[in-house]
Amino acid sequence: MKRYLHSLFDKASSRLDYLKDLTLHFEIPPNNDFGDLSCNAALLLSKKLKRNPRTLAAEILENLEIDKNIIYKTEIAGPGFINFFYTPAFVTGIIAEVLEKGDNYGRSNKFEGKRANVEFVSANPTGPLTVGHGRNAVCGDTVANLLEWVGYKVDREYYFNNAGRQMRVLGDSVRLRYLELLGEEVQFPDEYYQGEYIKDIAEEIKNEFGASLKNEPAEGKFKIKAEQEIFADIEKSLISIGIKFDLFFNENLLYSDKKIESLLGRFKEKNLSYEKDGAVWLKLSELGNEQDKVIVKSTGEPTYRLPDIAYHITKFERNYDLIIDLFGSDHNATYPDVVAGLQALGYDTSKMKVLIHQFVTIVENGEIVKMSTRKANYITLDELVDEAKADAVRYFFNMRNISSHMNFDLALAKKQSDENPVFYLQYAHARICSILKMVSEQNLVASTANLHLLSTDVEIQLIKKLHQFSEEILNAALQYEIHHICVYLEELAAIFHKFYTFCRILGTEKDLAEARLALIGAVKIVIKNGLKILGVNAPDKM
RNA sequence: GCGCCCAUAGCUCAAUUGGAUAGAGCAACAGCCUUCUAAGCUGUAGGUUAGUGGUUCGAGUCCACUUGGGCGUACCA
């Protein structure tokens with residue numbers, strides 16, 4: 001519908017010059033009395049043209065060639081809003097459209113032919129995924145889904161590093177636990193990985209190799225085994241919430257393919273780096289950032305910046321139209337350096353979008369639980385899924401704006417099933433399925449022949465809500481804000497539940513019953529499609 | 001100190017990105033099941049949108065300052 005109105009304004013702009021470079025904005029008014037869509041163009045223009053907004057609105061209206069079959073009424077309201085009212089024929093026509101498009105209703109081809117890379121999770125294999133990773137994982141996967149719904153071909157990518165100091169410490173942690181199991185006295189340093197999973201891995205090694213690894217170095221079998229085990233667990237955790245990656249990118253590849261080396265050369269060649277105190281520095285202060293930063297330590301080892309930049313260059317070389325990075329807020333200081341470096345080398349960083357999600361704070365008995373993988377003080381994603389099931393966990397993370405800090409009480413998480421609105425949505429779907437099952441035994445079939453019989457407020461509201469779905473998706477995708485889908489679905493489900501209470505199907509006159517069947521069939525499609533984007537099941541029965 | 005994020009009902013959060021009377025869930029209170037699933041519906045109560053100023057037709061939303069919180073501020077990632 002918005003597209004139709006845009007086209008009307010486009011035509012009118014040939015007569016009204018001031019409409020030409022105006023970005024139009026249509027929105028759904030807060031109140032039914034104000035119509036179905038509202039436009040504030042006159043208000044915006046009044047400032048620029050120094051004219052009364054209401055007379056401007058009247059002038060615009062006169063120049064719109066409105067199809068009376070689609071919009072039966074327009075009005076100028078308040079300070080100068082132009083309100084549009086849909087005809088009943090247009091409204092009921094929505095149902096047929098939903099039914100016809102089915103599983104594809106809500107998809108758009110706006111970004112057809114474009115390719116996107118969404119990088120998320122990217123946790124190094126040093127321990128199980130925590131609740132914090134869970135938020136990242138769910139949000140990343142949902143953003144990817146959303147992009148697919150607007151036409152992108154999406155690669156979900158996981159970047160990891162299995163070299164370096166962290167991994168040495170991991171290997172040595174396992175080695176010490178192994179020696180402990182063999183009955184040796186060992187000093188287990190505080191800064192080593194304290195988690196129980198380290199002991200489990202040591203146990204497995206002991207079962208496989210007996211005492212034969214007494215003199216094995218930490219970076220040998222210990223590290224390798226730990227990495228394998230942990231990675232397998234990570235993948236299992238991800239699959240348990242329905243996430244599968246297309247690509248795993250190992251940081252090592254950047255070294256073995258000489259990407260780091262050549263990048264260093266390019267910085268030097270462009271005079272963007274220099275040596276000081278035995279280290280190599282990147283001239284970030286000349287690129288608009290606060291201060292210069294080290295890219296190669298005096299030990300000869302690069303800092304994270306160099307591989308990160310090299311890694312992103314590979315994304316540009318792989319020709320993505322959109323490159324998304326999803327980080328937790330603890331990384332908020334790192335990406336500007338990477339972006340500045342890329343920009344200096346001439347890459348089009350406007351293709352990049354960095355999404356930062358805020359932390360999930362776990363509160364237990366009124367106190368905040370500080371999470372640390374190293375100190376083994378964390379709640380794992382697996383524990384959360386055990387307590388609250390995958391659908392509830394996915395919905396829980398999807399339903400909030402990623403920029404908002406999330407609090408949750410662990411005690412509450414355990415009874416989360418009662419409070420999570422996901423069940424409200426699933427229940428609506430299950431109720432529809434139940435009706436459809438029941439009518440199949442009667443002599444009733446969904447029919448679009450008599451949709452004009454759908455005339456109560458709640459029915460009209462429900463249909464109009466269905467119409468908003470595609471625009472909600474597009475809007476959410478353009479802003480990478482997935483929680484809008486949840487808000488929309490909850491509103492839709494609320495109207496449906498009201499409909500369910502007031503408008504019966506069984507025992508109603510045949511034509512009306514069949515029209516209502518068509519309506520709930522359409523509702524079912526939209527709920528199912530919406531939940532699909534969120535990665536949540538739509539059960540037939542509850 | 002500096003940078004990013006945040007502050008909305010008792011609690012957890014929305015608010016169409018500057019729009020018309022700030023909305024949901026949970027908790028509280030009062031109702032609704034002999035008819036398609038009560039994991040539902042109806043109603044009541046709950047707000048100086050942290051504070052102070054500013055910008056304009058119009059501010060929860062933008063700007064400045066203040067207060068309070070989270071995350072950073074490494075030759076860790």
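Values below: all heavy atoms of this structure, side chains included; hydrogens, waters and symmetry mates excluded. On a predicted model such as this, the values are computed, not experimentally measured, just so you know.
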Could you tell me whether the side chains of A:Arg394 and A:Thr142 share a donor-acceptor contact shorter than 3.5 Å?
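Yes, because at least one side-chain N or O of A:Arg394 sits under 3.5 Å from a partner of the opposite role on A:Thr142.
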If we count only N and O atoms by modelled type, under 3.5 Å, do the side chains of A:Asp292 and A:Tyr274 hold a donor and an acceptor together?
yes
Do the ring centers of A:Phe248 and A:Tyr159 come within less than 6.0 Å of each other?
no
Give a yes or no on whether the ring-centroid distance for A:Phe469 and A:Tyr488 is below 6.0 angstrom.
yes
Ring centres within less than 5.5 Å and planes less than 30° apart: is that true of A:Tyr424 and B:G25 in this structure?
no
Where the side chain of [X] is defined as all heavy atoms beyond and including C-beta, which of [options] is the nearest nucleotide?
| X | options | result |
| --- | --- | --- |
| A:His405 | B:C6, B:C36, B:A15 | B:C6 |
| A:Met542 | B:A39, B:C5, B:U35 | B:A39 |
| A:Asn332 | B:A38, B:C4, B:A77 | B:C4 |

Short side-chain N/O contact from [X] to OP1 or OP2 of [N], under 4.0 Å:
| X | N | value |
| --- | --- | --- |
| A:Lys498 | B:U42 | yes |
| A:Thr501 | B:G40 | no |
| A:Arg431 | B:A38 | yes |
| A:His429 | B:U37 | no |

Please enumerate all protein N or O atoms sitting under 3.5 Å from an N or O of nucleotides 74-76 of chain B, with distances to 0.1 Å.
unit_1 : atom_1 : unit_2   : atom_2 : d
B:C75  : O2     : A:Ser298 : N      : 2.8
B:C75  : O2     : A:Ser298 : OG     : 2.9
B:C75  : N4     : A:Asp277 : O      : 3.2
B:C76  : OP2    : A:Lys297 : NZ     : 2.5

Nearest-nucleotide 5' precedence on RNA chain B, A:Asn161 against A:Ile28
A:Ile28
Between A:Ala493 and A:Val487, which residue's closest nucleotide on RNA chain B lies nearer the 5′ terminus?
A:Val487
Using the P atom in both, what is the distance from B:A15 to B:G19, to the nearest Å?
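Here B:A15 and B:G19 have their P atoms 12 Å from each other.
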Could you state the atom-to-atom distance from CG of A:Asn401 to P of B:U8 in whole Å?
14 Å
Whole-Å distance between B:G25 P and A:His497 NE2?
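A:His497 atom NE2 is separated from B:G25 atom P by 11 Å.
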Would A:His405 and A:Gln358 count as a side-chain hydrogen bond (donor to acceptor under 3.5 Å, both in side chains) if you check the C-alpha gap in whole Å, the side-chain angles of each, and the deciding distance to 0.1 Å?
CA-CA 5 Å; A:His405 299 93; A:Gln358 296 301 308; 3.1 Å; yes
Whom does B:G18 pair with, Watson-Crick or G-U wobble, provided both distances fall under 3.5 Å?
none
Donor/acceptor link under 3.5 angstrom from A:Asn83 side chain onto base of B:A20:
yes
